[in-house]
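Values reported hereafter were calculated over all heavy atoms of this structure, with side chains retained and with hydrogens, waters and symmetry mates removed. Note that the structure is a prediction, hence the values are computed from the model and not measured. Per chain, numbering begins at 1; letters A, B, ... match sequence-line order.
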Amino acid sequence: MRARDIAIQVPTVAVGDSVTRTVRVMALGRLPGLIVVDERRRPRMVVPGTQILRMLVPRSYQEDPALARTVDEPHADLFWRELGELTIGDFLHDQDFRPVTVREDATLLEAAALMARRRTPLVVVVDRGGTMTGAVTLDRLLGSLALSAPQE
Amino acid sequence: MSATLALAIFVTAFFFIATEKADKVKVVLIAAGAMAAMKLIPGAEVFFSEHEGIDWNVIFLLLGMMIIVGIIKQTGVFDYLAIWAAKRSRGRPYRLMVMLLAITAVASPFLDNVTTIMLVAPVTVVVCNRLQIPVQPYLIAEVLASNIGGAATLIGDPPNIIIGSRAGLSFNDFLVHLTPIVVIICVAFVLLAWVLFRKSFHYNPDRVAEVMALQERRAITDPALLARCLVVLALVMLGFGLHSVLHIEPSIVALLGAGVMILVARTDINDVLGEVEWPTLVFFMGLFVMVGGLVHTGVIETAGSWAVEAVGDNFFGAATALLFGSAVLGAFFDNIPYTATMAPIVEGLAAEAPDAATGQALWWAFALGADFSGNGTAVAASANVVAIGIAARSGHRISFWEFTRYGITVTLLTTFMAWVYVYLRYFA
């Protein structure tokens with residue numbers, strides 16, 4: 001099997017989108033991460049779900065657990081609204097999220113190795129021009145590997 | 001020829017540091033490497049000459065204090081104090097600012113300014129967000145207070161650490177000569193803050209309950225740990241105060257304190273070392289090598305001779321020039337490399353003074369100018385950059401000019417007050 005055989009269409013976000021919107025996209029699409037594309041649908045970065053939290057949780061709470069403890073329960077449920085209209089682009093310079101891509105004809109081993117190496121549950125599938133044609137998720141990859149294995 | 005070469009490397013490196021066109025740590029390492037490779041400074045001097053190579057007293061004093069502060073900040077005591085103060089202010093904007101400034105000004109002489117801001121600024125953002133008042137005036141005022149307060153002690157501001165080591169000035173010398181004027185200036189700044197920021201003071205009584213909901217007691221999870229850490233910190237301060245009696249260098253006091261702190265806190269050594277700002281230490285090392293190159297090739301001696309000739313016997317004029325010159329130059333360049341470069345020149349000037357007290361007066365003028373220059377512009381000190389970064393990440397942008405227009409006013413006032421102090425105390 002090739003990457004194009006198991007690739008699925010997933011919603012993407014742009015650099016100018018607010019972080020709060022991207023969270024909704026991820027939650028509604030039940031995605032393990034997010035793909036940020038430019039205006040020509042070329043992937044700019046892939047952000048694993050756990051790393052979305054690094055954008056979502058204000059840095060002061062990440063760096064200072066004592067401050068996080070002082071926040072009362074009602075506000076603690078709403079901490080992510082403090083981000084207001086901050087966009088994905090506002091975090092680009094702070095983080096090292098490069099695009100994680102495979103060509104359409106990449107084997108599942110190539111895709112799996114890339115996921116393992118880059119610790120990401122999401123890989124973008126691109127055509128020869130570098131435009132995104134789909135994505136391979138960890139779920140989809142493991143499912144395909146399990147189904148293709150000989151029956152025990 | 002070697003002097004010209006050393007000066008060319010130094011000026012090029014300084015250009016990149018001042019304009020932030022490249023990572024400053026990389027810049028100083030490349031410049032230091034170039035100087036060493038071209039034999040503008042011998043390898044033996046790099047490592048083993050206190051005045052022409054790396055000043056290990058400064059490096060290890062910084063290292064020790066970074067470890068101590070790294071452990072103390074985990075206790076949550078600053079979050080507790082800041083929220084406690086916010087609650088006591090009952091949401092009154094100026095009262096809130098005064099209380100936060102008091103915490104900042106009291107902490108900054110004992111912690112480095114970057115750490116002080118990293119501790120106070122995040123909780124300020126939380127409190128201001130809950131009161132729905134602008135964050136920017138509070139953060140700017142805290143940075144200004146931190147840079148002023150840091151001038152009070154040997155360990156409060158990196159320029160003081162460099163000056164203390166170069167001039168052989170003790171912790172107590174700083175307490176006796178700088179703390180009094182810093183306390184006076186802090187009080188003046190608190191009053192000035194009302195004038196500067198009064199238009200942004202909006203009282204929202206209906207938001208006070210939001211602040212009162214914060215649970216400051218939850219910040220401190222281990223009161224026994226906090227007590228142990230405060231005892232060690234008090235012993236370190238005592239050690240600094242007695243170092244001329246005990247004949248133990250401040251760097252050794254800080255390292256011993258860091259060791260004891262690690263033992264009493266029982267924290268993982270890797271966590272502790274993670275709190276050390278290694279790039280800052282490497283930056284200082286590279287900087288010392290760069291300045292060492294200038295000293296070794298005679299550039300500093302030439303500049304010093306020129307300065308001595310220009311001063312003649314007018315040492316009050318020299319103190320005035322050092323104070324205002326440092327305040328202006330340090331505001332446009334990072335005040336740390338500025339201080340490291342100027343320190344050997346001031347040393348030459350002080351040596352020409354008719355008596356030790358006049359020589360020391362030059363050092364105090366230099367220290368006050370270099371410290372207060374940190375308020376001059378948004379990029380004059382690391383704490384300013386850190387605060388602006390915290391503000392941006394929380395959605396409250398502070399522009400270069402928004403900071404600088406307040407910074408210039410405060411720098412002018414503080415430098416003028418320091419000048420009057422230097423005149424009255426040492427030259428009147």
Quiz item: When you look at CZ of B:Phe16, are more than 12 heavy atoms from neighbouring residues, nucleotides or ligands closer to it than 6.0 Å?
Solution: no
Quiz item: So, A:Arg69 side chain and B:Ala219 main chain: donor-acceptor pair closer than 3.5 Å or not?
Solution: yes
Quiz item: Can you name the nearest heavy-atom pair linking A:Ala66 to B:Gly76, along with the distance?
Solution: CB-CA, 3.6 Å
Practice problem: Can you tell which part of B:Ala82 gets under 4.5 Å to a heavy atom of chain A, answering side chain, backbone, both or neither? | Solution: neither
Quiz item: Above 12 or not: heavy atoms from other molecules or residues under 6.0 Å from CZ of B:Arg88?
Solution: yes
Quiz prompt | Distance, nearest 0.5 Å, that separates CG of B:Leu214 from OG1 of A:Thr70 | solution = 5.5 Å
Quiz item: Is there a side-chain contact between A:Leu67 and B:Pro122 (heavy atoms, below 4.5 Å)?
Solution: yes
Quiz item: By a 4.5 Å heavy-atom criterion (distance strictly below it), what part of A:Asp72 contacts chain B: side chain, backbone, both, or neither?
Solution: both
Practice problem: Pick one of side chain, backbone, both or neither for B:Arg130, based on which atoms fall under 4.5 Å of a heavy atom in chain A. | Solution: side chain
Self-check item: Part of B:Ile83 lying under 4.5 Å from any heavy atom of chain A
Solution: side chain
